[in-house]
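Because the structure is predicted, anything quoted here is derived from the model rather than measured. Letters A, B, ... mirror the listed sequences (proteins, then strands); counts begin at 1.
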Amino acid sequence: MNYQAVIGLEVHVQLKTDTKIFCGCSTRFGASPNSQTCPVCLGMPGALPVLNKKVVEFAIRAGLATNCRIAPRSVFARKNYFYPDLPKGYQISQFELPICQNGHLDIEVEGEAKRIGITRIHMEEDAGKLVHSDIPGLGSSSGVDLNRACTPLLEIVSEPDIRSADEAVAYLKKLHQIVVYLGICDGNMEEGSFRCDANVSVMPVGSTTFGTRTETKNVNSFRFVKQAIEYEIERQIELIEEGGKVVQETRLFDPNTGETRSMRGKEEAHDYRYFPDPDLVPLVISNDWVADVALSLPELPEARRTRYRSELGLSDYDAEVLTATREMAEFYEQTLEKAKQVAVGFNNKFQEYKKSNPSANLLDFGQHLFAKSAANWVMGEVTRALNEAGKSIAECPVTPPRLAELLALIEKGTISGKIAKTVFDEMWSSDKTPEAIVEEKGLVQVSDTGAIEKIIDEIMAANMGQVEEFRVGKEKVFGFFVGQVMRASKGKANPAVVNELLMKKLKGE
Amino acid sequence: MKITKAEVDAVALLARLELTPEETETFTGQMDAILAYVEKLNELDTSGIIPTSHAVPVENAFRADAVRPSIGVENALANAPDRVEGFFRVPKVIE
Amino acid sequence: MELFDLTIHELHERLKKKELSSVEATRAMLARIEAVDPQVNAYITVTPEEALAAAEAADRRIAAGDIAPLTGIPIGLKDIFVTKGIRTTCASRILGNFVPPYDGTAVAKLKEAGAVIVGKLNQDEFAMGSSGESSAFGATKNPWNLECIPGGSSSGSAAAIAARTATATLGTDTGGSIRQPASHCGCVGLRPTYGRVSRYGVIAYASSLDQVGPLTRDVTDCALMLGAVAGHDPMDSTSIDTPVPDYTKALTGDVKGLKLGLPKEYYIEGLDPDVKRALDEAIETYRGLGAEFVDISLPHTDYAVATYYLIATAEASSNLARYEGVRFGHRAEGAANLIDMFRKTRAEGFGAEVKRRIMLGTYALSSGYYDAYYLKAQKVRTLIMQDFLKAFEKVDAILTPVAPTPAFRIGEKTSDPLQMYLSDIFTIPVNLAGTCGISVPAGMSGSGLPIGLQLIGRPFGEETILRAAHAFEQATAWHQRKAQL
């Protein structure tokens with residue numbers, strides 16, 4: 001029999017606020033144990049929670065970016081269970097009335113588009129951390145660190161619309177990109193800022209009744225999600241084929257073996273006894289508030305890609321690469337914005353452009369002029385240099401305005417693209433302008449035909465054999481002459497001029 | 001009977017209370033009486049009535065996302081029954 | 001008159017005129033505690049050193065001309081209030097050695113006003129009880145008759161006023177825990193409107209019902225104490241941001257034309273004859289003062305106890321989950337594993353009444369029962385609130401008994417929790433409605449026990465009930481009687 005997997009994902013997104021969701025303790029990662037705690041997040045007698053407004057704003061952002069309805073009224077509830085990392089004996093979460101509902105994300109797997117429903121997004125507090133080893137004197141006990149307790153989370157719950165591990169990964173990558181773009185999550189999966197629980201079941205193909213599902217907890221990389229889901233699908237199919245039954249249970253993914261294993265027997269059946277938290281008041285979100293947040297949203301990757309293709313004429317590939325992160329896209333856009341302002345120096349080309357684009361103004365033309373070269377530079381030299389230096393684009397020593405100046409120098413013909421790479425390397429390690437570097441190092445491109453002709457004449461005279469070869473039809477030697485001329489000019493000869501003159505002279509015109 | 005001894009034992013586990021057999025016995029009787037008493041609420045038709053979870057209508061109490069000093073590890077751990085190296089120590093948790 | 005007999009305003013006058021120092025007043029109070037508290041057991045912890053240091057600071061402040069109504073006044077706190085550096089037990093074994101790293105808001109406000117905290121007062125464990133008998137530190141005795149209960153759960157807070165071992169005290173009221181012991185001990189006790197006083201630093205019993213309030217010798221003191229602790233607190237999301245008036249300005253003595261409601265559901269058969277007589281006399285007194293009476297109905301009164309014991313226990317079952325022996329308090333020895341440690345710790349740490357309520361509340365919230373019990377109770381709570389809203393369309397305040405009987409004997413009701421719960425019938429509706437109520441001394445029983453009357457106000461109507469209570473107090477002299485100790 002053939003089987004169809006049915007997958008739903010619950011993603012926990014740790015929000016990038018300065019303080020915890022219900023108290024003023026810092027959320028900084030990596031502080032010494034229990035140093036970022038107070039009566040509230042320690043669950044001390046008498047302490048009370050007060051909601052961090054930024055968390056609500058971030059939740060609204062996430063809701064808007066995933067096409068959810070923002071609830072005009074939502075309520076915090078207590079989820080009651082005992083665990084040593086849960087200080088109050090309950091987790092403050094949302095239950096019946098979450099902040100966002102009924103959204104969706106569109107994904108693409110192997111060229112096919114698919115819409116994945118988002119059931120709900122709710123706000124909640126994280127638990128602390130249990131440590132089982134690496135503490136001197138711990139012995140056969142566990143240590144509790146409550147620094148992470150009360151850190152704000154969004155739980156984003158998908159509909160069971162996902163049908164394969166690849167779709168699950170595509171959905172997760174898209175969601176990850178969005179929350180990072182929104183500036184609400186640092187996206188660090190290793191530190192647990194973006195973690196996923198996968199609900200997986202299988203049913204015979206054509207069936208409309210879902211099978212019994214298992215929940216695999218805390219899978220903290222895209223690769224592991226794929227592994228865990230694939231393993232779980234296979235395990236369930238094998239189990240059914242052997243006449244067994246899938247048990248509804250929580251399972252744990254083991255990254256070392258790539259397998260999931262049952263957490264059965266850990267505790268009796270849960271009964272969370274949710275009820276509205278009497279310590280927190282209802283959250284009422286006005287249309288104005290939602291509208292304000294909507295205005296502050298950054299352009300999301302999908303919209304950006306579309307715009308890059310249609311307005312800037314970039315290829316699908318370029319649009320994809322440039323929008324991979326918000327920082328990259330913004331770097332590119334800032335470069336382009338600055339570069340296009342020099343379009344004023346290209347009146348002839350502008351007049352030419354206007355013939356086919358009569359309504360275009362100078363800035364449109366500038367955009368047209370630099371869109372592709374800026375893209376190439378950001379994806380090429382900039383990315384290469386950043387990778388080599390192990391830096392993020394935010395730390396790039398060459399700023400977008402400087403890069404724009406460099407692009408302008410190329411476009412004006414002051415330097416060749418090749419020389420520009422030398423100039424770029426120099427800019428990387430000094431804060432000089434590209435113009436200053438070009439001047440200082442005498443890198444100005446030679447476009448003076450007289451000077452270039454003189455070089456060509458000398459080279460031809462010294463290589464008469466090759467001239468003859470060319471003239472009898474061996475055109476390959478043309479490249480040899482270009483190389484020689486460029487070398488003799490120390491790379492400064494304008495390649496276009498060299499090509500034109502060389503061709504004339506070799507042909508003996 | 002509104003509640004059985006077995007149910008009382010199940011509730012005690014949920015509430016993380018260890019009850020002696022005598023306590024289970026006593027609580028079963030007492031809870032049974034109390035639950036029988038609260039049955040009287042069913043005399044009232046509450047369809048369409050909005051439940052009250054807050055005595056006074058308040059909404060939207062917020063704090064700004066501004067860091068306040070924490071109380072320090074020593075204060076955090078001062079009352080701990082057992083501690084080790086800045087952690088609260090508990091019996092081994094098996095995951 | 002001994003120094004420990006004086007009211008806040010009497011002490012204040014002497015302190016202001018420098019006829020008396022706070023250190024003298026405090027020493028007198030500490031000596032009084034030492035002399036009579038062994039019989040009463042109103043205190044769990046007495047803090048003489050801290051008190052004298054605070055008294056010295058108050059004297060310096062007064063010498064510098066900076067005196068507030070509470071500056072230098074010896075005050076006791078129910079042990080439910082979290083106090084920085086001072087053991088806070090909530091009368092439970094599970095918090096036996098808990099020394100909080102912070103002060104709650106009400107305590108901080110008292111300290112700011114220069115009050116002198118003399119100690120932490122006995123109570124029912126986690127405020128669960130109506131008699132003071134559920135304390136892990138032994139029952140508090142009623143100073144009027146040491147064989148009787150002082151009422152609860154703020155048992156020590158009321159008994160200390162009656163025993164004159166504190167000038168004023170703070171208590172909490174979740175189902176009557178200020179008003180009922182105030183009535184049984186012959187003092188004034190006010191439960192403010194929910195949200196009037198911050199709950200930050202008050203150990204939670206039932207969060208949607210708990211409220212902080214004063215217990216005092218007279219209504220003027222009550223107004224002063226309320227003024228000192230009331231107000232919006234950004235640390236308590238449920239505290240209300242509405243201005244705090246000078247409550248003493250409301251004490252005009254004039255109740256002419258004031259409309260007082262008499263709810264028929266509170267004047268029932270079976271009301272103790274002494275209580276009934278005290279009420280009848282009070283009504284006559286008010287008539288004499290020019291108040292008008294209106295017959296009203298609070299039709300859902302009979303459902304209040306059931307509603308309360310579902311909501312309060314459900315919230316309590318969750319609020320008390322944090323006591324499991326990880327971060328503070330008692331931890332059981334020799335547990336085999338984690339669950340075992342939790343269960344043994346809680347079994348050893350909590351007393352019977354607390355366990356009973358945790359069990360009941362856990363059950364009321366559990367899967368399959370939530371709608372039938374907890375949700376149903378929340379809906380009936382709405383009906384009870386509506387009863388009061390309707391009543392307050394017709395009247396300015398409601399006059400009722402506080403408790404169906406005067407204080408009963410210690411041990412009399414411990415075996416039948418339901419009977420104990422039912423004795424809260426006249427105070428519980430106020431908590432469910434979230435409004436305010438005050439108990440003022442209004443008579444004595446044949447056996448020499450005090451009887452209080454209750455005035456219920458509309459939400460944030462504290463000024464009205466203080467005014468009415470004050471006028472009554474001025475017209476009678478019940479509050480001047482003293483328990484012989």
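Among M31(B), R83(B), E18(B), the residue with the largest count of heavy-atom pairs under 4.5 Å with chain C is E18(B). The residue among T238(C), D236(C), L432(C), V305(C) with the most heavy atom pairs within less than 4.5 Å of chain B is V305(C). Note: T52(B) leads T52(B), V8(B), D82(B) in heavy-atom pairs under 4.5 Å with chain C. Counting heavy-atom pairs closer than 4.5 Å to chain B, the top residue among F350(C), Y373(C), F460(C), Y421(C) is Y373(C). For the set I34(B), V56(B), V90(B), L44(B), the entry with the most heavy-atom pairs within less than 4.5 Å of chain C is L44(B). With chain C as partner, the option from L77(B), T20(B), I3(B) having the largest number of non-hydrogen pairs under 4.5 angstrom is I3(B). In terms of heavy-atom pairs under 4.5 angstrom with chain B, the leader among L383(C), V326(C), D340(C), D416(C) is V326(C). For the set N337(C), D241(C), I358(C), D302(C), the entry with the most heavy-atom pairs within less than 4.5 Å of chain B is D302(C).
Interface remark: R89(B) contributes backbone atoms only to the contact with chain C (heavy atom separation under 4.5 Å). Looking at T435(C), there are no atoms closer than 4.5 Å to chain B (heavy atoms on both sides), in backbone or side chain. Residue I71(B) touches chain C through its side chain alone, counting heavy-atom pairs closer than 4.5 Å. Contacts between A332(C) and chain B at a heavy-atom distance below 4.5 Å are absent for every atom of the residue. Of the atoms belonging to L360(C), heavy atoms from both backbone and side chain fall under 4.5 Å from chain B. Residue contact with chain B, scored on non-hydrogen atoms closer than 4.5 Å, is absent for L320(C). At a 4.5 Å heavy-atom cutoff, T313(C) makes no contact with chain B through either its backbone or its side chain. Heavy atoms of Y102(C) lying under 4.5 Å from chain B are absent altogether. Residue contact with chain B, scored on non-hydrogen atoms closer than 4.5 Å, is absent for S317(C). Only the side chain of V58(B) comes within contact range of chain C, judged by heavy atoms closer than 4.5 Å. With a 4.5 Å cut-off on non-hydrogen atoms, A12(B) touches chain C through its backbone and its side chain both. Residue contact with chain B, scored on non-hydrogen atoms closer than 4.5 Å, is absent for Y374(C). Interface remark: M341(C) contributes side-chain atoms only to the contact with chain B (heavy atom separation under 4.5 Å). Residue I240(C) touches chain B through its side chain alone, counting heavy-atom pairs closer than 4.5 Å.
A donor-acceptor contact shorter than 3.5 Å is absent between the side chain of T46(B) and the backbone of K376(C). Judged by distance alone, with hydrogens and angles left aside, the side-chain atoms of R346(C) form a donor-acceptor pair with the main-chain N or O of A15(B) at under 3.5 Å.
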Check: Are N79(B) and N97(C) close enough, and set up right, to give a side chain to side chain contact (heavy atoms under 4.5 Å, CB included), and what steps lead you there?
Finding: CA-CA 8 Å; N79(B) 284 286; N97(C) 291 311; 5.9 Å; no
Item checked: Chi angles and distances behind the side chain to side chain contact (heavy atoms under 4.5 Å, CB included) call for N75(B), K84(C) -> CA-CA 11 Å; N75(B) 278 324; K84(C) 187 175 182 173; over 6 Å; no
Checklist line | Full working for side chain to side chain contact (heavy atoms under 4.5 Å, CB included) between Q378(C) and I49(B) | finding: CA-CA 9 Å; Q378(C) 281 194 315; I49(B) 302 291; over 6 Å; no
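Here the CG-OH distance, from N42(B) to Y303(C), works out to 10.0 Å after rounding to the nearest 0.5 Å. Distance check: L310(C) CG to L35(B) CG gives 7.5 Å after rounding to the nearest 0.5 Å. Once rounded to the nearest 0.5 Å, the distance linking CZ of R381(C) with OG of S53(B) reads 8.0 Å.
Closest heavy-atom contact between A352(C) and F27(B): O-CZ, 3.8 Å. Nearest heavy-atom pair across Y363(C) and K2(B) is OH-O, 3.8 Å. Of all heavy-atom pairs spanning K40(B) and A306(C), the tightest one is CG-CB, 4.3 Å. Counting all heavy atoms, side chain and backbone alike, L17(B) lies closest to A347(C) at CD2-N, 4.3 Å. Considering every non-hydrogen atom in both A377(C) and L41(B), the closest pair reads CA-CD1, 4.1 Å. Closest heavy-atom contact between P81(B) and G329(C): CG-O, 3.4 Å.
Taking the charged nitrogens against the carboxylate oxygens, K355(C) and E23(B) do have a contact shorter than 4.0 Å, which makes a salt bridge.
Among residues 60-68 of chain B, the residues having any heavy atom closer than 4.5 Å to a heavy atom of chain C are, in sequence order, A61(B), R68(B).
For E333(C), the CD atom is loosely surrounded, since the number of other residues' heavy atoms within 6.0 Å does not exceed 12.
Residues satisfying the salt bridge (charged side-chain N to carboxylate O under 4.0 Å, His left out) criterion with E59(B), sequence neighbours excluded, are absent altogether.
A heavy-atom distance below 4.5 Å is not found between the side chains of R16(B) and E324(C).
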